[in-house]
Trainee: 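One structure is given below, represented as structure tokens, and several questions about it will come after.
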Amino acid sequence: MSAYKKIECEFKDRETLLEALDFLELDYRQYDNPENLKGWKNDIRNEKAHIIVPKETLNKFLTGASNDLGFLWNEEEKRFEMICSQYDQSKNADKKIIQSYAKSAMEKVLKENGFKTKVSIRKEDLLNKKMQELKMTVRK
């Protein structure tokens with residue numbers, strides 16, 4: 001059984017987080033009250049989350065075999081905490097989501113300030129088993 005870990009990240013904006021998951025074509029479910037995550041054998045885990053990416057989605061797009069991945073809202077710190085299994089972390093699922101979030105957040109802020117962006121990374125590259133370098137060209 002793979003243990004879950006909280007991943008250090010700064011997911012402060014729900015809309016941007018959902019855009020990042022959409023970019024990676026990861027299905028997710030949202031809950032008002034946090035729900036338990038499931039392990040790779042469909043076992044109910046103690047960890048809970050407000051946004052859950054089902055293990056079937058991670059299996060298809062990122063890892064090949066995995067557990068649910070979750071995002072739990074931390075009201076005190078005003079941010080989502082990513083809850084990712086050690087196995088899925090070893091397959092860089094956490095890093096790919098963080099990279100997709102960073103891409104979405106940067107594009108959003110730049111667009112709001114009148115900049116046009118061109119991003120060199122494609123969804124297919126992020127879904128690749130290897131991490132990809134993110135390059136962004138910005139102009140006004």
Side-chain angles (χ1 to χ4, degrees):
M1 181 184 322
S2 184
Y4 276 103
K5 296 172 60 176
K6 287 187 179 175
I7 307 298
E8 281 295 318
C9 52
E10 290 292 325
F11 295 147
K12 294 186 176 195
D13 183 62
R14 177 185 291 264
E15 182 181 314
T16 304
L17 174 57
L18 298 179
E19 285 174 12
L21 297 175
D22 287 339
F23 179 76
L24 294 172
E25 295 183 9
L26 297 176
D27 294 329
Y28 52 85
R29 295 184 298 266
Q30 298 184 66
Y31 302 96
D32 292 331
N33 297 310
E35 295 283 327
N36 291 84
L37 300 176
K38 292 181 184 174
W40 68 281
K41 291 184 177 180
N42 271 339
D43 50 312
I44 304 298
R45 305 299 287 271
N46 293 328
E47 294 79 6
K48 293 184 176 191
H50 289 96
I51 299 171
I52 297 177
V53 178
K55 60 187 178 58
E56 295 80 11
T57 298
L58 291 178
N59 291 343
K60 183 176 178 184
F61 291 108
L62 294 182
T63 61
S66 61
N67 307 278
D68 285 353
L69 185 141
F71 300 91
L72 179 67
W73 179 250
N74 182 324
E75 184 62 35
E76 186 177 306
E77 296 184 23
K78 302 289 187 213
R79 67 180 175 96
F80 284 95
E81 297 172 341
M82 184 189 314
I83 304 167
C84 183
S85 73
Q86 288 176 326
Y87 176 82
D88 295 323
Q89 189 178 21
S90 75
K91 299 294 185 181
N92 293 321
D94 58 329
K95 292 176 184 165
K96 291 174 183 177
I97 292 170
I98 290 168
Q99 191 172 43
S100 182
Y101 182 88
K103 172 197 164 300
S104 294
M106 287 186 293
E107 286 178 323
K108 187 176 192 176
V109 169
L110 290 166
K111 184 176 181 179
E112 288 171 358
N113 287 286
F115 290 92
K116 294 181 181 183
T117 61
K118 180 180 178 185
V119 180
S120 67
I121 196 159
R122 300 173 308 142
K123 175 178 21 194
E124 296 79 21
D125 295 332
L126 275 174
L127 295 176
N128 189 326
K129 296 292 184 197
K130 296 179 182 177
M131 288 299 297
Q132 302 294 318
E133 187 173 294
L134 174 66
K135 292 182 183 178
M136 184 177 283
T137 304
V138 180
R139 62 183 167 79
K140 210 160 199 183

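Both backbone and side-chain heavy atoms feed into the values below; hydrogens, waters and symmetry mates do not.
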Trainee: Can you see which heavy atom on Asn46 is nearest to which on Asn36, and at what distance?
Mentor: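 For Asn46 versus Asn36, the nearest heavy atoms are O-ND2, 3.8 Å.
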Trainee: I'd like to check the side-chain contact (heavy atoms from CB on, under 4.5 Å) partners of Glu75; sequence neighbours left out, ordered by chain and number.
Mentor: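 Once residues adjacent in sequence are excluded, the partners of Glu75 under the side-chain contact (heavy atoms from CB on, under 4.5 Å) criterion are Trp73, Lys78.
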Trainee: Heavy atoms, side chains only, cut-off 4.5 Å: are Lys108 and Asp13 in contact?
Mentor: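 Yes, at least one pair of side-chain atoms sits under 4.5 Å.
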Trainee: Measure from the side-chain N and O atoms of Ser100 to the backbone N and O of Ile97, and report whether any donor-acceptor pair falls under 3.5 Å.
Mentor: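 No: the side chain of Ser100 does not pair with the backbone of Ile97.
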Trainee: Does Lys12 make a cation-pi contact with Phe80 (under 6.0 Å, within 45 degrees of the axis)?
Mentor: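 No cation-pi geometry.
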Trainee: List the atom of Cys84, the atom of Gln89, and the distance in Å for their closest heavy-atom pair.
Mentor: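 Cys84 and Gln89 have their closest heavy atoms at SG-N, 3.7 Å.
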Trainee: Using a 3.5 Å distance criterion without hydrogens, assess whether the side chain of Tyr101 forms a donor-acceptor pair with backbone atoms of Leu21.
Mentor: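 The answer is no, because no donor-acceptor pair under 3.5 Å joins these two groups.
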Trainee: Partners of Asn74 by side-chain contact (heavy atoms from CB on, under 4.5 Å), sequence neighbours excluded?
Mentor: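 So Asn74 forms a side-chain contact (heavy atoms from CB on, under 4.5 Å) with Glu76, Glu77, Glu81.
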Trainee: Can you see which heavy atom on Leu24 is nearest to which on Lys96, and at what distance?
Mentor: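 In terms of heavy atoms, the two residues are closest at CD1-O, 3.9 Å.
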Trainee: Counting distance only, does the side-chain N/O of Ser66 pair as donor-acceptor with the main-chain N or O of Lys55 below 3.5 Å?
Mentor: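 Confirmed, Ser66 side chain pairs with Lys55 backbone.
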Trainee: Can any side-chain N or O of Asn113 pair as donor or acceptor with the backbone N or O of Val109 at less than 3.5 Å?
Mentor: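 The answer is yes, because a donor-acceptor pair under 3.5 Å joins these two groups.
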Trainee: Which pair of non-hydrogen atoms, one from His50 and one from Pro34, has the smallest distance, and what is that distance?
Mentor: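 Residues His50 and Pro34, closest heavy atoms: NE2-CD, 3.4 Å.
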